[in-house]
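Proteins come first, then strands; the chains are lettered A, B, ... in the order of their sequence lines, and each starts at number 1.
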Amino acid sequence: MIEVLKSGFYSTIQDLGRLDFENYGVPVSGVMDQFSATLANSLLGNHENDAVLEITMSGPSLKFNCDTSICLTGADLTPMLNNKHIKHNRVIRINSGDILSFGRLNFGFRSYLAVSGGFQSDLVMNSRSMYSEITKQVCIKKNEILSINPNKTNTISNSVLKTKASHFSSEVIEVFKGPEFELLNLEQQELLLSETFTISKNNSRMAYQLEETLDNSLEPIITSLVLPGTVQLTPSGKLIVLMRDCQTTGGYPRVLQLKESSINVLSQKFTDAKVKFKLL
Amino acid sequence: MTRYNLKFRAYGERSILIEWPQEINNNILKSILNFKEVLKKHYIKEKVYIKYAYNSILVSYNHTIDNIYDNKTQLETLYSKCIELKNDSYYLWKIPVCYDAEFGLDLEEISVQNMLSKQQIIELHSSKKYTVYFCGFLPGFLYLGGLDKKLYYPRKSNPILQVKKGAVAIGGHQTGIYPNASPGGWNSIGNTPLNFFDVNKSEPCFAKAGDRIKFYPVTKQEYDKIIVEVKNNNFSIESEVLYD
């Protein structure tokens, strides 16, 4: 069991999402940065779909009431175990009574906490990913008890895996053409692929809206299918990059589709960060 | 069954988008539902996700597509050879709606702008049988086709923050039901006491694509009575099997 002493800004339990219910209009959800979350699970010897805690911007304070092992990946929020700094990307032994807390955000935006065996929250429609109207809760709350299975068997090594800094620093977002890309005129296409865009304050697990607009003369389309990573162009020329909690369908032209690894890269960015689309 | 000239194109690294002509009609719906079943049968041993909307099917594989032309050719062949499968039964669902002013927040505006009395709006709205095309936007939100032209009314230019659960609304050429409270841009004309989405059921929504929906007006008293019955699980929705 883990006791939530402080909740932090916005922490949610996520696995790889709900893929079988999209025809009921249920969003996929799941971890925003699949690379970092999967890495944390792999290092612990978990299944890749085991539920992790996705910690956004500022971390919670968590007290472990059982022995286990954990692994932290993704954004660096200055993690501390009993007030001593601990490292990312390695397995850490936890003794009952230990307190995990976080400090300053150093880089990235979303950090992942995996525990041995995964978080054991309610399984709804084959997934533990929190989403409004599907799961009872949308994020973790102060004084809540998070259920985990005690584990003492993990062998601990001191090795730390190094990940590429570009996962957090790169401004390049790799894309494919979206279904309506060819409907844009050449000038619009060129602008879309050459301009540097700024992430607006409207960024969430659902979508990232960009500041700069693109002159748009395209008509809305008949409501069609979208995916996480689809870039929509609204009638007012705003670009919206759909993320993991996005709706299953949409009526705005779909001009680009992010490469899957670029969805992970984008989810480590937030307000005012710059991005450039690079066509594959 | 009508044969369409379909477009197949890559959508990201794991999906292929299959597109029918860009219009909304029953024959396209039948063709899409039939091909969806053909695909499900074909991919029974492989983990493939199949989504659909008015004019398209999206096939998403569990892995990156190595050679897009192979997959496209495979799908094209499947379509050209596919036969009409015996489909499941389709149903006509009768949905109670209270059109009182308390729920029909935008009835007055539509009445003035479209030059119809509120009673005429209610009669037009509740006399048609609407086809369920697919589910999207929100869990359990059904896209319905068949709204009377006289009731077309543009979406609000600024969505309101909280459309009520159960709101029956008009957005452009479409009508629909908000399965849960949500921000939304459609115009509310009434409210249904029924649940359109239940996470605890294996079929979370009773209606499916290909089914029809017919609304019938109820008074506020009847509405309140049904709310209680739905809560206690003893309201059965009136339905008929469709033969066509």
Q. Any ion pair linking Lys141(A) and Glu144(A) (charged N to carboxylate O, less than 4.0 Å)?
A. no

Q. Any sub-3.5 Å donor-acceptor pair from Asn23(A)'s side-chain atoms to Ile50(B)'s backbone N or O?
A. yes

**Q.** Heavy-atom proximity to chain B below 4.5 Å, by part of Val26(A)
**A.** both

(Q) Does atom OH (Tyr252(A)) have a neighbourhood of more than 12 heavy atoms from anything else shown, all under 6.0 Å? (A) no

Q. What part of Leu142(B) lies closer than 4.5 angstrom to a heavy atom of chain A: side chain, backbone, both or neither?
A. neither

Q.
Is it the case that the side chains of Trp20(B) and Ser56(B) hold a donor-acceptor pair, with the cut-off being a distance below 3.5 Å and no angle test?
A. no

Q | Carboxylate-amine/guanidinium contact Arg205(A) Glu54(A), below 4.0 Å | A | yes

Q.
What I want to check is whether the side chains of Ser236(A) and Asn216(A) have a donor and an acceptor closer together than 3.5 Å.
A. no

Q | Side chain / backbone / both / neither for Phe137(B) at chain A, heavy atoms under 4.5 Å | A | both

(Q) Parallel, tilted or perpendicular, judged at 30° and 60°: which one describes the rings of Phe141(B) and Tyr143(B)? (A) perpendicular

Q) Which bit of Lys47(B) is near chain A, if near means a heavy-atom gap under 4.5 Å: side chain, backbone, both or neither? A) side chain

Q | Interchain contact, Tyr54(B) with chain A, by part (heavy-atom threshold 4.5 Å) | A | both

Q. Of the backbone (N, CA, C, O) and the side chain (C-beta and beyond), which part of Leu58(B) lies under 4.5 Å from a heavy atom of chain A, both, or neither?
A. both

Q | Greatest number of heavy atom pairs closer than 4.5 Å to chain A - which of Gln22(B), Glu19(B), Arg14(B), Lys208(B) | A | Arg14(B)

Q | Pick from Leu256(A), Thr230(A), Thr223(A), Ile134(A) with the largest number of heavy-atom pairs that fall under 4.5 Å of chain B | A | Thr223(A)

**Q.** Residue that, paired with Ser129(A), satisfies side chain to side chain donor-acceptor pair (under 3.5 Å) out of Thr135(A), Thr12(A), Asp15(A)
**A.** Asp15(A)

Q) If you count heavy-atom pairs under 4.5 Å between each of Ser202(B), Cys135(B), Ala209(B) and chain A, which one has the most? A) Cys135(B)

Q: Using a strict 4.0 Å threshold on nitrogen-to-oxygen distance, state whether Asp122(A) and Lys136(A) make a salt bridge.
A: yes

**Q.** Proximal component of Leu258(A), with respect to chain B [non-hydrogen, under 4.5 Å]
**A.** backbone

Q.
Which heavy atom of Asp33(A) sits nearest to which heavy atom of Tyr112(A), and what is that distance?
A. N-OH, 2.9 Å

Q: Residue by residue, scan residues 259-270 of chain A and write down, ordered by number, those that have a heavy-atom distance under 4.5 Å to chain B; if none do, write 'none'.
A: Lys259(A), Glu260(A)

Q.
Counting heavy-atom pairs closer than 4.5 Å to chain B, which one of Leu227(A), Leu280(A), Thr248(A) comes out on top?
A. Leu227(A)

Q) Quick one: do Glu22(A) and Lys51(B) make a salt bridge, cutoff under 4.0 Å? A) yes

Q: For chain B, find which of Pro179(A), Ser224(A), Cys246(A), Gly251(A) contributes the most heavy-atom pairs closer than 4.5 angstrom.
A: Pro179(A)

